[in-house]
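Remember, it's 1-based here, ligands and their atoms both numbered in the order they're listed.
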Amino acid sequence: MQMYSEADVDTACLADCQITVLGYGSQGRAHALNLVDSGFDVVVGLRSSGASWAKAKADGLNVKEPNEAVKGAAIVVFLTPDMVQKELYASVVDDIDKGATLLFAHGFAIHYKQVQPRADLNVALIAPKGPGGLVRRQYKEGRGVPCLVAVHQDATGDALKIALAYAAGIGGARAGVIATTFAEETETDLFGEQAVLCGGVTEMIVAGFETLVEAGYQPEVAYYEVMHELKLIVDLLHEGGLKKMHKFISDTAAWGDMTSGPLVIDATSRAAMKDILKNIQDGTFARNWIAESDAGMPNFKRSMQADLDHPIEKVGADLRARMDWLDD
Ligand code: NAD
Ligand code: MG
């Protein structure tokens, strides 16, 4: 593993350079504000009709329409939703300077060839391993969220140097920047969110809730056991891995974990994980998601509504209304 730290970074290559951040959502806002605080010249590119425009203005940033924003930029960062990047690139490419660097926070658009950049441009990835809110908060505290770095196209010979300087600008180099490839970042990121973090975990929570409620237990008690308490466990795992979790849970819980866990995640579940990974690797997942997006996301909206209409959501909202600490 190759890891870069602040000592490996020379931000001088970005002195007097304009950095244009396209998009002002979770990542865009954090990157733009951190870069300004690091002393860089930042322009935010947004549609004046969009909701983020007023927000970026209110934060005191220099905001322009994407076409105007990319003019003169040494770095153009794509921080819009992945499904928008193809069209956005096509609409600004003629205004991007020769030899500029395109940066991404996730490799989807490049890896699945949604964006096929001009040969004179550098193409690199700085992917923070955390949501935008954390990227901003850690920076303000003098710390940083670890990042991944990859170079897809090195037109000028200093794409890596520029990407690392950018990582320093958003605070990531303080925590360490691990070298990867667009393929590895894209495929592992998609697999993680599908099989484990989002898809796997929520499906397990809902199945556990339904199992308890169908067996006649109170929904409120079921909610506490399978949804609410997940945070306590995730915090322990996040802070200290399996070791810390085992240190803080009871021996009874640990014994149940070790004997019952493999029954839930059994050979069938592991085979499903391998299928999910194969569909990511061979492009099937990307193809289907792009087609869904192009069709106006009918299945996406239907599945999302089904999630939101699930009884666990009603029970949860009522119980969470009594948790004063959630207001902060
Ligand atoms: P987001 O949905 O929070 O924000 C998207 C922004 O793009 C909004 O400001 C929106 O107004 C703007 N936008 C949409 N269409 C646009 C257009 N045509 N022109 C200009 N602006 C447009 O997005 P996000 O979650 O910050 O994701 C941005 C990128 O960062 C994605 O590639 C994502 O995969 C990656 N990423 C996200 C996270 C995360 O925690 N959210 C973590 C790592 C990487
Ligand atoms: Mg789900």
Side-chain angles (χ1 to χ4, degrees), residues 20-35 42-59 61-71 73 75-93 95-96 102-112 114-115 117 123-139 144-150 152 163 166-167 170-172 175 177-178 180 182 184-194 197-198 280 285-286 289-290 293-294 297 300 304:
T20 293
V21 175
L22 297 175
Y24 200 69
S26 172
Q27 291 293 326
R29 179 169 191 271
H31 291 218
L33 294 176
N34 290 2
L35 290 164
V42 177
V43 175
V44 177
L46 290 171
R47 298 159 301 175
S48 53
S49 57
S52 305
W53 179 278
K55 195 161 184 228
K57 279 268 185 204
D59 286 338
L61 290 160
N62 183 4
V63 192
K64 298 178 181 174
E65 285 281 349
N67 277 87
E68 288 303 314
V70 302
K71 284 179 187 161
I75 300 183
V76 178
V77 202
F78 284 78
L79 297 177
T80 66
D82 298 305
M83 289 303 118
V84 171
Q85 293 178 4
K86 179 183 180 181
E87 214 181 293
L88 181 60
Y89 173 77
S91 75
V92 298
V93 60
D95 294 307
I96 298 177
L102 305 188
L103 274 185
F104 293 83
H106 176 43
F108 192 101
I110 293 294
H111 183 56
Y112 294 115
Q114 292 293 287
V115 173
V123 182
L125 171 90
I126 290 293
K129 290 291 99 184
L134 190 68
V135 171
R136 180 62 183 149
R137 216 158 51 241
Q138 290 297 303
Y139 180 90
V145 171
C147 294
L148 300 180
V149 63
H152 170 73
Y166 181 90
I170 63 169
V177 184
I178 294 178
T180 182
F182 270 70
E184 182 176 66
E185 187 278 335
T186 306
E187 291 169 2
T188 56
D189 188 84
L190 292 173
F191 177 81
E193 66 200 16
Q194 290 174 32
L197 305 177
C198 308
I280 291 168
F285 170 78
W289 172 218
I290 291 162
S293 173
D294 288 347
M297 311 220 274
F300 180 99
M304 178 80 79

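- Residue, atom and distance of the protein heavy atom nearest to atom 23 (O) of ligand 1 are L79 O, 4.2 Å.
- For atom 12 (C) of ligand 1, the nearest protein heavy atom (residue, atom name, distance) is G23 CA, 3.9 Å.
- Checking S52, G50, S26 against atom 11 (O) of ligand 1, the nearest heavy atom belongs to S52.
- Of the protein's heavy atoms, L88 CD1, 3.7 Å lies nearest to atom 19 (N) of ligand 1.
- Counting only heavy atoms of the protein, atom 18 (N) of ligand 1 lies nearest to V84 CG1, 3.4 Å.
- Heavy atoms of Q85 come nearer than 4.0 angstrom to ligand 1 in at least one pair.
- Summary of contacts: the protein heavy atom closest to atom 32 (O) of ligand 1 is D82 OD1, 2.7 Å.
- Under 4.0 angstrom from ligand 1, there are no non-hydrogen atoms of E87.
- With respect to atom 44 (C) of ligand 1, the closest heavy atom belonging to the protein is A105 O, 3.4 Å.
- For atom 40 (O) of ligand 1, the closest heavy atom belonging to the protein is P131 CA, 3.3 Å.
- The protein heavy-atom contact nearest to atom 14 (C) of ligand 1 is R47 NH2, 3.4 Å.
- When the heavy atoms of G25, P81, G132 are ranked by distance to atom 2 (O) of ligand 1, first place goes to P81.
- Using a 3.5 Å distance cut-off with no hydrogens or angles, the side chains of E187 and H111 do pair a donor with an acceptor.
- Heavy atoms from both the backbone and the side chain of T80 come within less than 4.0 Å of ligand 1.
- Residues G23 and L46 come closest through the heavy atom pair CA-CD2, 3.7 Å.
- Scanning all heavy atoms of the two residues, the minimum distance from A69 to T20 falls at O-OG1, 2.6 Å.
- Relative to atom 38 (C) of ligand 1, the option among R29, H106, Q27 with the closest non-hydrogen atom is Q27.
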